[in-house]
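For reference, the structure discussed in these notes is given below.
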Protein chains: 2
Amino acid sequence: MQAEIITIGDEILIGQIVDSNSAFISKELNKIGVSVYQITSVQDDREHILKSLKEAGERSSVVIITGGLGPTKDDVTKHALCEFFEDELVRDDSVLGHIEELFRKYITTPISDLNREQAMVPSNATVLHNEFGTAPGLWMKKGKTAYASLPGVPYEMRNLIIKSVLPKIIEDYERPHIVHKTIMTYGMGESAVAEKLEDWENNLPSFIKFAYLPNLGSVRLRLSAKGTDKEALMAGIEEQVKKLYPLIGDIIYGEEEEDGRVEKQIGTLLTDKKMSLATAESFTGGSIAERITAVPGASNYFKGSIVCYATEMKVKLLDVPQELIDKHSVVSEEVAVAMANNVKKKLETDFAIATTGNAGPTKGDSDAEVGTVYIGISTPKATFAQKFVMGKHRERVVKKSVNKAFELLYKEILNF
Amino acid sequence: MQAEIITIGDEILIGQIVDSNSAFISKELNKIGVSVYQITSVQDDREHILKSLKEAGERSSVVIITGGLGPTKDDVTKHALCEFFEDELVRDDSVLGHIEELFRKYITTPISDLNREQAMVPSNATVLHNEFGTAPGLWMKKGKTAYASLPGVPYEMRNLIIKSVLPKIIEDYERPHIVHKTIMTYGMGESAVAEKLEDWENNLPSFIKFAYLPNLGSVRLRLSAKGTDKEALMAGIEEQVKKLYPLIGDIIYGEEEEDGRVEKQIGTLLTDKKMSLATAESFTGGSIAERITAVPGASNYFKGSIVCYATEMKVKLLDVPQELIDKHSVVSEEVAVAMANNVKKKLETDFAIATTGNAGPTKGDSDAEVGTVYIGISTPKATFAQKFVMGKHRERVVKKSVNKAFELLYKEILNF
């Protein structure tokens, strides 16, 4: 039982957008035991779409197609589907009613023929109700293979996957369970970790697959198992994870379940402990606050951030003494400590993160080399800052620093 | 002359990572006149990789492969390449020297046999020097088709594309020019725009392709042309763009060239005008500051942000009067105006953006429905706030609001 994904749209092939739909669909399919064999992105081109539909259907039992369902001329998916299924377009009155309702309620421009045309669907297709948009989802079968065609707009697609496509797959197909577990480590390179785990890896039972996922200073270790008995799979993985800890416990900082973002784990800890957090950000420019507040429920523990991008703002908004900056430079341990201390005090929180550094491309208000950063952490007991050299790539310097700040904070919160 | 991209890695097919490499590669190839016909993502599986290499090579002149070059067991790309090219792995001394140098300089753990093995390359491959990592890029030919195999780590891959792969393609292949231009509009739906443009679209010359890209309240219109005479292509597109303005000039807010992010355009304007910006963010939680500071050179005009996530912080950090909040609620036009005014004054800037709203999933410190937001804009002449209803989806509410805030600000800056 495997699936394929076909994403349709010139904008993908010219690199104008990143195809994030595929990752979402793959993750959701995995949760219900369906492996994704291949993801194929093709242009808005009838011949090419037909070829992909055919090839995917020969390999897999379920084919999920996104994109190319818009009302405008450049979208050709629906016509290609008709040709593939030797079908014709007919008007679906419930879809038309829904389109008219959306226009009545939310859209100020009058409904047009183009909009109404979106109610035309292949006569043999089952319509999947698209709550949030005018292009309906479609569910069609050819032999034993099911094809689901969905709009490419991410939130419409997601809603259709969760509410219509997954239930249909669950109803129609027998599926194994797939269980993943990811262990997060930091501070050691991929091959150094691999050497420590050589014996362990060689002795893994055959139903467990193992992979290394290196990313910006951390290496995630993924164990995957597939089979019919979910409990047994989970127990099998747990058994192996237990054996991991004596080998590399010192570099493990968490285990990733459903959603392994460390900021989410920080949120859970802070909520449980009824403790609070603030940030003072210089070169990270609000990135830390942004990641924290992307977690639903962040208002339970996150009070706010002072983004003091300009040096003068560190003095003005955070009361960092000008003399301290003059003496040690704005990119220094002392300034990071002062920022962490002061934002914690000012916002009356239990914990604080502070960042000061130079992300490049040019040197700023200090002599620090591009890539030099200090991350300050303040806890109810103490405040400290650490120096890191994060390379020359602006975007990476910021991302690595945000990750590092969360790691440092996470370890501290565990002590309270 | 067309190319294909094959991205390799189980982490893509289980949805653990979003494949952003493909978009980068596609964009860069387009710039040098190479169209991407298809993007295929496959598992770390020898048979599957072999099949994809063969099929892609039959269709396209250049095949770019990323991923699966790590030092650990789960990475099998190099072995698959050897089989495909009927070649064998031999040690490359310059690669080995580079790996040893990287370890001496940057890596604290000792070098291992696994690391040294990364210097083993197919004997007929041309090595592409990977400055930033231990896995070299490889350039191989089979018949007239060139295959480039690159590590999946984004910054290593990007550097190899720019410094090695593109120059090789330019040297080896005749290519047409591909020119894109994207016009950004807001405030009108895709089909309403399409109706206004119907005649214009029907009269487009055949060498110009046209597409609609709707996204969170804005619709981008993309014109693409492919041919041998770059100047003529650009002139042809310009001619059509000129005809667009009389039809929909009122909803156009910019043209997208190389990098069309509106925050970049704001940055260019502010730098030219020597004017400055600050933000006061509630439910956007630093997202606006993050997007602004992601633009290199933001320190020329961005002073900082007060992220007042908790209601009390609006009073404490931004001097919003408690009575104003009590009277109008924290999610109100009055509070957004006060935030914008006060942050502008406090940080001594020319412009300011402020946000207050409820992104959900539950109601916060106000009675405002989930999705209700106010965006405040302060300019050297005036301050105002507008109300928007952004739907129920937390992530979308934030993204739409950030986009809207930039649009509002952009239009204002044009007046100064």
Side-chain angles (χ1 to χ4, degrees), chain A residues 10-15 17-20 23-24 26-27 30 36 38-42 70-74 107 109 112 114-115 155 180 188-192 194-195 201 210-213 285-287 289-290 293 296 299 302-310 313 317 347 361 364 393-394 396, chain B residues 10-15 17-20 23-24 26-27 30 36 38-42 70-74 107 109 112 114-115 155 180 188-192 194-195 201 210-213 285-287 289-290 293 296 299 302-310 313 317 347 361 364 393-394 396:
Chain A
D10 290 354
E11 63 275 23
I12 302 170
L13 283 306
I14 68 169
I17 66 157
V18 170
D19 167 28
S20 60
F24 175 85
S26 301
K27 204 171 208 170
N30 257 265
V36 175
Q38 182 168 315
I39 300 165
T40 312
S41 302
V42 303
T72 50
K73 272 198 192 174
D74 51 310
I107 304 174
T109 45
S112 73
L114 279 177
N115 300 122
Y155 68 96
H180 300 290
M188 194 182 280
E190 181 180 4
S191 43
E195 255 189 306
E201 202 179 338
F210 184 64
Y212 297 84
L213 309 166
S287 300
E290 187 267 326
T293 59
S299 54
F302 184 65
K303 289 212 180 174
S305 175
I306 309 269
V307 181
C308 40
Y309 206 62
M313 291 300 148
L317 302 177
L347 276 70
H393 187 290
R394 183 182 172 88
R396 273 184 70 216
Chain B
D10 290 353
E11 61 275 25
I12 301 170
L13 283 306
I14 68 169
I17 65 158
V18 170
D19 167 28
S20 60
F24 175 84
S26 301
K27 205 171 206 166
N30 256 266
V36 175
Q38 181 167 316
I39 300 166
T40 312
S41 302
V42 303
T72 49
K73 272 197 191 177
D74 52 310
I107 304 173
T109 44
S112 74
L114 279 178
N115 301 122
Y155 67 98
H180 300 291
M188 195 182 278
E190 180 181 4
S191 42
E195 254 188 308
E201 203 179 337
F210 184 63
Y212 296 85
L213 309 166
S287 300
E290 187 267 326
T293 59
S299 54
F302 185 64
K303 289 213 182 173
S305 175
I306 309 268
V307 181
C308 39
Y309 206 62
M313 291 300 148
L317 303 177
L347 276 69
H393 187 290
R394 183 182 172 89
R396 273 184 71 216

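Order of the sequence lines sets the chain letters (A, B, ...), proteins ahead of strands, with each chain counted from 1.
Listed by chain and number, the residues in a side-chain hydrogen bond (donor to acceptor under 3.5 Å, both in side chains) with A:S26 amount to none (sequence neighbours excluded). In this structure B:F210 satisfies the ring pair (Phe, Tyr, Trp, His ring centres under 6.0 Å) test together with B:W200, B:Y212, sequence neighbours excluded.
Among the candidates B:G286, B:G304, B:G285, the residue making the largest number of heavy-atom pairs closer than 4.5 Å to chain A is B:G285. Taking A:T72, A:D10, A:L114 one by one and counting their heavy-atom pairs under 4.5 Å with chain B, the maximum is reached by A:T72. When each of B:I12, B:T40, B:I39 is checked for heavy-atom pairs under 4.5 Å with chain A, B:I39 comes out on top. Counting heavy-atom pairs closer than 4.5 Å to chain B, the top-ranked of the candidates A:S41, A:A194, A:A310 is A:S41. Residue with the most contacts toward chain A among B:C308, B:G189, B:S299: B:S299 (heavy-atom pairs, distance under 4.5 Å). Per-residue counts of heavy-atom pairs under 4.5 Å with chain A were compared for B:G70, B:S305, B:A211; the largest is that of B:S305.
Looking at B:L347, both its backbone and its side chain come within 4.5 Å of chain A, counting heavy atoms on both sides. Within the 4.5 angstrom heavy-atom criterion, only side-chain atoms of A:A192, from C-beta onward, approach chain B. Interface remark: B:P71 contributes backbone and side-chain atoms alike to the contact with chain A (heavy atom separation under 4.5 Å). Contacts of B:D19 with chain A are made by backbone atoms alone, with heavy-atom separations under 4.5 Å and no side-chain atom involved. Contact annotation for A:P296: both backbone and side-chain heavy atoms come within less than 4.5 Å of a heavy atom of chain B. In this structure, chain A has heavy atoms under 4.5 Å from both the backbone and the side chain of B:I17.
In this structure, A:I306 CD1 and B:M313 CE are separated by 9.0 Å, a value rounded to the nearest 0.5 Å. Atom OG of A:S112 and atom CD of B:E190 lie 10.5 Å apart (nearest 0.5 Å). Separation of atoms CG (A:N115) and CD (B:E195) is listed at 7.0 Å; rounding is to 0.5 Å. One finds the NE2 atom of B:H393 at 10.0 Å from the OH atom of A:Y155 (value rounded to the nearest 0.5 Å).
The two residues B:Y309 and A:F302 have their closest heavy-atom pair at CD2-O, 3.5 Å. The minimum heavy-atom distance linking A:R394 with B:T293 is given by the pair NH2-O, 2.5 Å.
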